[in-house]
Amino acid sequence: MAKNIDWGSLSFTYQPTDYRVTAKWQDGKWSDLELTTDSQVHISECAGVLQYAQTVFEGLKAYRTEDGKIVTFRPDLNAQRMIDSARRLAIPEVSEEMFMQALDMLVKANEEWVPPYGSGATLYVRPFIYGSGPIIGVAPAPEDEFRMLCMPVGPDFKAGIKPIVIKVSDYDRAAPHGTGNIKAGLNYAMSLYAGELAHEEGFSENMYLDAATRTYVEETGGANFIFITKDGKVITPQSKSDSILPSVTRRSLMIVAKDILGMETEQRMVAFDEVKDFVECGLCGTAAVISPVGKINDHGTEIAFPSGMDEMGPTLKKLYDTLTGIQMGTVEAPEGWIHEIK
Ligand SMILES: *Cc1c(COP(=O)(O)O)cnc(C)c1O
């Protein structure tokens, strides 16, 4: 039985569900995974996460398909990325096997919270690991907690997919060879102020350029770029110093473009100077799949894409429809992309 929720009016807001999964790292090993109904965590005031921001996270969704199954999309890539993130912040890794076990336990236990097919809503899953043990000298926390929680979230775009306006930021997101390529809370903490400034000025997001030269496009605070050229090529930026987060959505869209839709694709350095020549621009991430960008403001100079401010451009729309079709089970998925929760 599904919960009695007005699925259509949900937004992207925290809401505790019945269960979350937890495991503790103590004495050099992980405890068994457990389900708990307690939505609070109880940690030392000197926990590594509180003092030195030692925390990494992931984000993925569970979907209800037309035939009533519950599926997740390429969760092995989230598991792998969390291993990379954890390693970089000296946090104990959660194996792919343990991650998958936690995911199955969590979604199964919260089955009534998985929104029905066709509602537009999905179950957002948030895995994270943080330093829970006390530490004051700068070092990794002696104990950690792995936790996975979930919540139903609303349709990505209630009023259809409206293009957004973004600005080129005066701040940097990620230093060369820093932590830009991992999913760490610290990357978000330091983007909040720049984000607030952008919002005050009426922009939806910041576009970050490479920190070293401010001439190449990297990403926004939480989504990768994808561009369409005049001759229909799909381009996504690459960073010389590996400071772009490897988005599962973006990597999947590039495969969909090339192998399913037969488009030409390129992953390469993209100079900001080239952006004005593209015909479509989108932001990709789990939350919205693709958010179309209508305009980019660079210190008062505006780049307006020919796709306009009314709707997503035709090429991005094709990519969006194909990928969301794969996720919802109406388009055949490449081998291994869909994991059914049983
Ligand atoms: C999570 C995230 C993305 C999007 O990645 P997906 O795996 O597609 O959800 C892009 N950029 C940053 C900085 C992120 O943290």
Side-chain angles (χ1 to χ4, degrees), residues 12 61 73 120 122 154-169 198 202-209 216-238 244-298 301-328 330-331 333-334:
F12 197 78
K61 285 176 168 180
F73 179 72
T122 52
D156 301 314
F157 301 101
K158 289 195 186 112
I161 302 167
K162 282 286 172 204
I164 56 171
V165 183
I166 65 175
K167 67 167 282 189
V168 177
S169 184
F203 301 105
S204 298
E205 287 285 345
N206 277 307
M207 169 187 254
Y208 292 103
L209 304 180
Y216 292 98
V217 176
E218 295 218 318
E219 59 170 314
T220 64
N224 286 179
F225 279 103
I226 197 159
F227 298 105
I228 309 297
T229 64
K230 283 192 185 76
D231 51 1
K233 212 183 274 174
V234 185
I235 311 258
T236 194
Q238 185 164 21
I244 297 175
L245 196 281
S247 155
V248 174
T249 314
R250 182 257 299 165
R251 286 183 278 165
S252 304
L253 285 168
M254 295 304 278
I255 295 171
V256 165
K258 184 162 182 280
D259 296 349
I260 300 183
L261 300 174
M263 298 172 176
E264 254 190 273
T265 60
E266 262 179 29
Q267 183 174 358
R268 61 167 172 82
M269 309 259 300
V270 174
F272 180 69
D273 282 345
E274 292 180 66
V275 170
K276 61 181 187 322
D277 301 324
F278 296 135
V279 294
E280 295 176 47
C281 171
L283 300 178
C284 10
T286 296
V289 183
I290 299 177
S291 319
V293 175
K295 291 177 188 169
I296 301 174
N297 191 298
D298 174 26
T301 305
E302 199 162 78
I303 296 172
F305 295 102
S307 50
M309 288 302 295
D310 292 330
E311 53 189 14
M312 190 182 285
T315 308
L316 287 181
K317 184 73 167 64
K318 215 182 288 174
L319 287 166
Y320 177 89
D321 288 343
T322 310
L323 190 67
T324 52
I326 288 171
Q327 290 169 335
M328 292 293 176
T330 57
V331 174

Q267 CD to T236 OG1 distance, which is reported to the nearest 0.5 Å: 6.0 Å
Distance, nearest 0.5 Å, that separates CD of E266 from NZ of K258: 12.0 Å
Distance (rounded to the nearest 0.5 Å) between I326 CD1 and F73 CZ: 6.5 Å
Test item: V234 and E264 side chains (from C-beta on) under 4.5 Å apart, heavy atoms: no
Contacts of type side-chain hydrogen bond (donor to acceptor under 3.5 Å, both in side chains), residue T315, not counting sequence neighbours: E280
Test item: T249 side-chain N/O and C284 main-chain N/O as donor-acceptor pair under 3.5 Å: no
By side-chain hydrogen bond (donor to acceptor under 3.5 Å, both in side chains) - contacts of Q327 (at least two apart): Y63
Beyond-backbone contact of R268 with I235, side-chain heavy atoms, under 4.5 angstrom: yes
Which atom of V270 lies closest to which atom of P237, heavy atoms considered: CG2-CA, 3.9 Å
Nearest heavy-atom neighbours spanning I260 and P334: CD1-CG, 4.2 Å
Sequence-distant partners of K318, salt bridge (charged side-chain N to carboxylate O under 4.0 Å, His left out), two or more places apart: none
All side chain to side chain contact (heavy atoms under 4.5 Å, CB included) counterparts of K317, not counting sequence neighbours: M312, D321
Side chain to side chain, V168 and I296, heavy atoms closer than 4.5 Å: yes
Value rounded to 0.5 Å, distance of CD1 in I226 from CG in L253: 5.0 Å
Whether over 12 other heavy atoms sit under 6.0 Å from E311 CD: no
Beyond-backbone contact of V256 with L319, side-chain heavy atoms, under 4.5 angstrom: yes
K162 side chain vs D310 backbone, donor-acceptor pair below 3.5 Å: yes
Heavy-atom neighbours of F203 CZ exceed 12 at 6.0 Å: yes
Straight-line distance of F12 CZ to T122 OG1, nearest 0.5 Å: 8.5 Å
Test log, rule side-chain contact (heavy atoms from CB on, under 4.5 Å), inputs K167 and M207: CA-CA 6 Å; K167 67 167 282 189; M207 169 187 254; over 6 Å; no
pair L323-I290: side-chain heavy atoms closer than 4.5 Å: no
Any side-chain heavy-atom pair of V289 and K61 under 4.5 Å: no
Within 6.0 Å of NZ in K276, more than 12 heavy atoms from elsewhere: yes
P163 vs V293 side-chain heavy atoms within contact, under 4.5 Å: no
Least distance between heavy atoms, E205 atom then I164 atom: CG-CD1, 4.3 Å
Residue pair M263, K233: steps toward the side-chain contact (heavy atoms from CB on, under 4.5 Å) verdict: CA-CA 6 Å; M263 298 172 176; K233 212 183 274 174; over 6 Å; no
F305 and F227 aromatic ring geometry - parallel, tilted or perpendicular at 30°/60° bounds: tilted
R250 bridged to E219 by N-O distance under 4.0 Å: no
Reported CG-to-CZ distance for the pair L209 and F272, which is rounded to 0.5 angstrom: 6.5 Å
Partner set under side-chain hydrogen bond (donor to acceptor under 3.5 Å, both in side chains) for S307, not counting sequence neighbours: none
Residue pair C281 / F225, side-chain heavy-atom distance below 4.5 Å: yes
Qualifying residues under side-chain hydrogen bond (donor to acceptor under 3.5 Å, both in side chains), relative to D231, sequence neighbours excluded: T229
